[in-house]
Amino acid sequence: MFNHILLASDGSEYAIRACEKALILAENNPDAKITMLYVVDGATSKADATHYWSASELDKSRKEKLTISERKIKQAHIAYEIKILHGDPGPTIVKFANDHNVDICVIGSRGLNSLQEMVLGSVSHKVAKRANCPVMIVK
C-alpha cells in the first residue's frame, strides 16, 4: 500500500494523467497523502522573472499551472501538499523522493521521440533510474 505518493507535475496534460493515476493509488487508503512537486528549472525561472513584477505574482502563476491536478485531488478528498523547488527537474525530483522516503513517485512521460530521448534523456527516465522508490511513468 502506498501512503506517501510523490506526484511530479508541471501542469502539462501528461502531468494531469499522472495525477489521475496517483489518485487511483491513493483511493481507499485513509493514510494516503500526495505531495505534488513542481520543479522550476533555470530557463523557466528566467522567463518567469521577465513576465512578473513581484514574487507573489510569480508564485501565483506557478501554482496556477497545478490547479487542475489540485482540483482533482481535492475532489477525491485526499490529503495533499504542494512543493515548488528550483533546480534541474530530474535530480531535484530524485533528491526529494529519496530524502522524504516516499512510497512511490508518479510522473508523466513527455513523449520524446527516440532520437530526442537518446540525446537529451527524459526527466521521467532519469527519475526511474535514480529514485530509491518505485516510479510509475504515465504515458
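For reference, positions follow the sequence shown, starting with 1. A quick note: this is a predicted structure, and the numbers were derived from the prediction, not measured.
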Any chance you could measure [X], atom [atom1], to [Y], atom [atom2], to the nearest 0.5 Å?
X      : Y      : atom1 : atom2 : value
Ile104 : Phe2   : CD1   : CZ    : 4.0 Å
Asn132 : Cys105 : CG    : SG    : 11.5 Å
Ser109 : His125 : OG    : NE2   : 6.5 Å
Ile137 : Ser122 : CD1   : OG    : 6.5 Å
Asn29  : Met1   : CG    : CE    : 5.0 Å
Leu6   : Met136 : CG    : CE    : 13.0 Å

List the atom of [X], the atom of [Y], and the distance in Å for their closest heavy-atom pair.
X      : Y     : answer
Ile93  : Ala8  : CD1-CB, 3.7 Å
Val106 : Lys21 : CG1-CB, 4.4 Å
Asn28  : Pro30 : O-CD, 3.8 Å
Val39  : Pro89 : CG1-CA, 3.6 Å
Lys72  : Ile16 : CE-CG2, 3.8 Å
Gly11  : Ala15 : N-CB, 3.9 Å

Any chain of hydrophobic side-chain contacts (each under 4.5 Å) joining [X] to [Y]?
X      : Y     : answer
Ile73  : Ile24 : no
Ile82  : Leu25 : yes
Ile84  : Ile5  : yes
Val138 : Met36 : yes

Just jot down the side-chain hydrogen bond (donor to acceptor under 3.5 Å, both in side chains) partners of Glu27, sequence neighbours excluded, or say none. none

According to side-chain contact (heavy atoms from CB on, under 4.5 Å), who are the partners of [X], at least two apart in sequence or on a separate chain?
X      : answer
Asp99  : Lys95
Lys129 : none
Lys83  : Thr35, Leu37, Glu81, Phe96
Ala131 : Asn98, Val127, Cys133, Val135

Do Asp88 and Pro91 have side chains that get closer than 4.5 Å, going by heavy atoms? yes

State whether the side chain of Asn3 and the backbone N or O of Ala32 hold a donor-acceptor pair below 3.5 Å, judged by distance alone. no

Is a side-chain N or O of Ser69 found less than 3.5 angstrom from the main chain of Leu66, in a donor-acceptor match? no

For residues 2-14, which residue pairs qualify under salt bridge (charged side-chain N to carboxylate O under 4.0 Å, His left out), counting only residues two or more places apart or in two chains? Glu13-Arg17

Any chance you could lay out the side-chain hydrogen bond (donor to acceptor under 3.5 Å, both in side chains) test for Tyr80 and Lys33, step after step, and finish with the verdict? CA-CA 5 Å; Tyr80 75 98; Lys33 175 186 174 185; over 6 Å; no

